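Notes to accompany the following structure.
These numbers were taken from a predicted model, which means no experiment stands behind them. Excluded from the calculations below are hydrogen atoms, water molecules and symmetry mates; all remaining heavy atoms, backbone and side chain alike, are included.
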Amino acid sequence: MLGCMTTRDPQATALARLAALFADETRAACLLALLDGRTWTAGELARHAGVAASTLSEHLGRLVAGGLLAEERQGRHRYVRLADARAAQLVEDLAAQVSPGTAVRPRNLRESSAGSAMARGRTCYDHLAGRLGITVTDALTTRGLLQQETGFALTDAGLAWFEAAGIGLERRGRRPLARACLDWTERRPHLAGVAGAALCRHALDAGWCVRIGSGRAVKVTAAGERALSDLLGVEAAALR
């Protein structure tokens, strides 16, 4: 009878519950939208997902209860964001597992343009992704500022580069200084972690990049092209 007896791993139920949170297109759309690192109102997410506010409210409740989202309420408004960097990493890592061949084709020119902009450059929670993120990561590596042989790590020269560029690295908590994040459009890792977040924040604050519309897509400005050329030797053509 021993062959009929099983001992279920206690994590199995928790893992199944977590996976179920992603197994809905509306919830998945919300999680991907929130990878822009900003706080959205429930109404904005409902319009983005194309569902009624009452329907979205139920989905948001499940995501908050599951620990993937954090919420704040101000008067009549409900604001939500990804709970933390670990939740964002989970969403991005799962998105990277989707085969390019299974992606839904854009229904119109607007969707096609938006998709092209996202592939060219976007934020992945709080760091740069898409071809822009890969280009910057490659430039840091080529110049010996970042090493990728045994996982991402800033070199001594890299630490000095961030300091010289005026990009502060707040090394507090358990978040790694540098981490590889698999890019779901480029299928290669880009820079995440404290360094990736600091670089993205500086790029936006300094006007090197600007957001396109209300989504995650970003584009490099003329000032950004000059800065990335001076600091990392990146050619302007690679940023367009």
Side-chain angles (χ1 to χ4, degrees), residues 33-39 81-82 85 88-89 92 96 113-149 151-173 175-240:
L34 290 166
L35 277 177
D36 67 358
R38 293 181 289 182
T39 299
R81 55 177 171 78
L82 288 172
Q89 180 183 344
E92 183 76 6
S113 298
S116 296
M118 285 275 285
R120 184 166 54 249
R122 64 182 183 278
T123 54
C124 171
Y125 187 52
D126 61 0
H127 54 271
L128 298 173
R131 289 197 298 274
L132 170 59
I134 294 296
T135 297
V136 171
T137 298
D138 286 347
L140 289 167
T141 304
T142 299
R143 293 198 160 215
L145 309 177
L146 175 72
Q147 70 88 14
Q148 302 187 32
E149 286 78 12
F152 276 22
L154 291 181
T155 63
D156 290 340
L159 292 172
W161 181 88
F162 272 85
E163 183 177 357
I167 305 175
L169 298 176
E170 298 180 5
R171 286 180 275 184
R172 295 180 297 179
R175 191 177 189 187
L177 183 59
R179 178 181 68 80
C181 180
L182 182 60
D183 197 290
W184 63 268
T185 52
E186 295 296 305
R187 304 286 153 167
R188 295 176 53 206
H190 56 245
L191 176 64
V194 172
L199 182 57
C200 177
R201 183 168 57 251
H202 185 82
L204 290 169
D205 290 346
W208 296 358
C209 298
V210 293
R211 294 188 183 275
I212 302 175
S214 60
R216 296 166 54 198
V218 298
K219 67 177 180 180
V220 180
T221 64
E225 290 180 355
R226 291 192 295 271
L228 292 174
S229 174
D230 292 342
L231 293 171
L232 290 173
V234 177
E235 295 184 2
L239 302 171
R240 298 173 181 169

Heavy-atom check, side chain of T135 versus side chain of L239, under 4.5 Å: yes
Check the pair V234 / S229 against side chain to side chain contact (heavy atoms under 4.5 Å, CB included), numbers first and verdict last. CA-CA 5 Å; V234 177; S229 174; 5.8 Å; no
Distance-minimising heavy-atom pair for E92 and W184: OE2-CD1, 2.9 Å
Worked check of side chain to side chain contact (heavy atoms under 4.5 Å, CB included) between L231 and W208: CA-CA 12 Å; L231 293 171; W208 296 358; 3.5 Å; yes
Could you check whether D138 pairs with R188 (Lys NZ or Arg NE/NH1/NH2 to Asp/Glu carboxylate O, under 4.0 Å)? yes
Which pairs count as ring-ring contact (aromatic ring centres under 6.0 Å, His included) when at least one residue sits in residues 117-141, sequence neighbours excluded? H127-H190
If you measure from the Lys or Arg side-chain nitrogens to the Asp or Glu carboxylate oxygens, is any gap between R175 and D126 under 4.0 Å? yes
Just so I know, are the side chains of L132 and C209 near enough to count as touching, which here means a heavy-atom distance under 4.5 Å? yes
Is it the case that the side chains of T185 and R122 hold a donor-acceptor pair, with the cut-off being a distance below 3.5 Å and no angle test? yes
C181 side chain near P189 side chain, heavy-atom distance below 4.5 Å: no
Any heavy-atom pair between the side chains of L232 and V136 that's under 4.5 Å? yes
Compare all side-chain heavy atoms of R240 with those of E225 and state whether any distance is below 4.5 angstrom. yes
Minimum-distance pair of heavy atoms, taken over all atoms of A223 and G207: CB-O, 4.3 Å
Residue pair F162 / L145, side-chain heavy-atom distance below 4.5 Å: no
Nearest heavy-atom approach of A157 to G144 is CB-O, 4.1 Å
What I want to check is whether the side chains of T155 and Q147 have a donor and an acceptor closer together than 3.5 Å. no
Contact summary for A88 and L35, nearest pair of heavy atoms: O-CD2, 3.7 Å
How far apart are the closest heavy atoms of C200 and L128, and which atoms are they? SG-CD2, 3.8 Å
Identified side chain to side chain contact (heavy atoms under 4.5 Å, CB included) counterpart of T137 within the set D183, L199, L191: L191
Give the C-alpha distance, both sets of side-chain angles, the deciding distance and a yes or no for salt bridge (Lys or Arg N to Asp or Glu O under 4.0 Å) between R226 and E235. CA-CA 9 Å; R226 291 192 295 271; E235 295 184 2; over 6 Å; no
Flag the pair L177 / L159 as yes when at least one side-chain heavy-atom distance between them is below 4.5 Å, and no otherwise. yes
Applying salt bridge (Lys or Arg N to Asp or Glu O under 4.0 Å), can you list everything that pairs with E186, at least two apart in sequence or on another chain? none
Let me confirm one number: the CG-CZ distance from L182 to R187, rounded to the nearest 0.5 Å. 7.0 Å
Can you tell which of L169, L140, V194 makes a side chain to side chain contact (heavy atoms under 4.5 Å, CB included) with L154? L169
Is the backbone N or O of T123 less than 3.5 Å from a side-chain atom of R216, with the two atoms forming a donor-acceptor pair by type? yes
Could you check whether atom CG of D230 has more than 12 heavy atoms from other residues, nucleotides or ligands sitting under 6.0 Å from it? yes
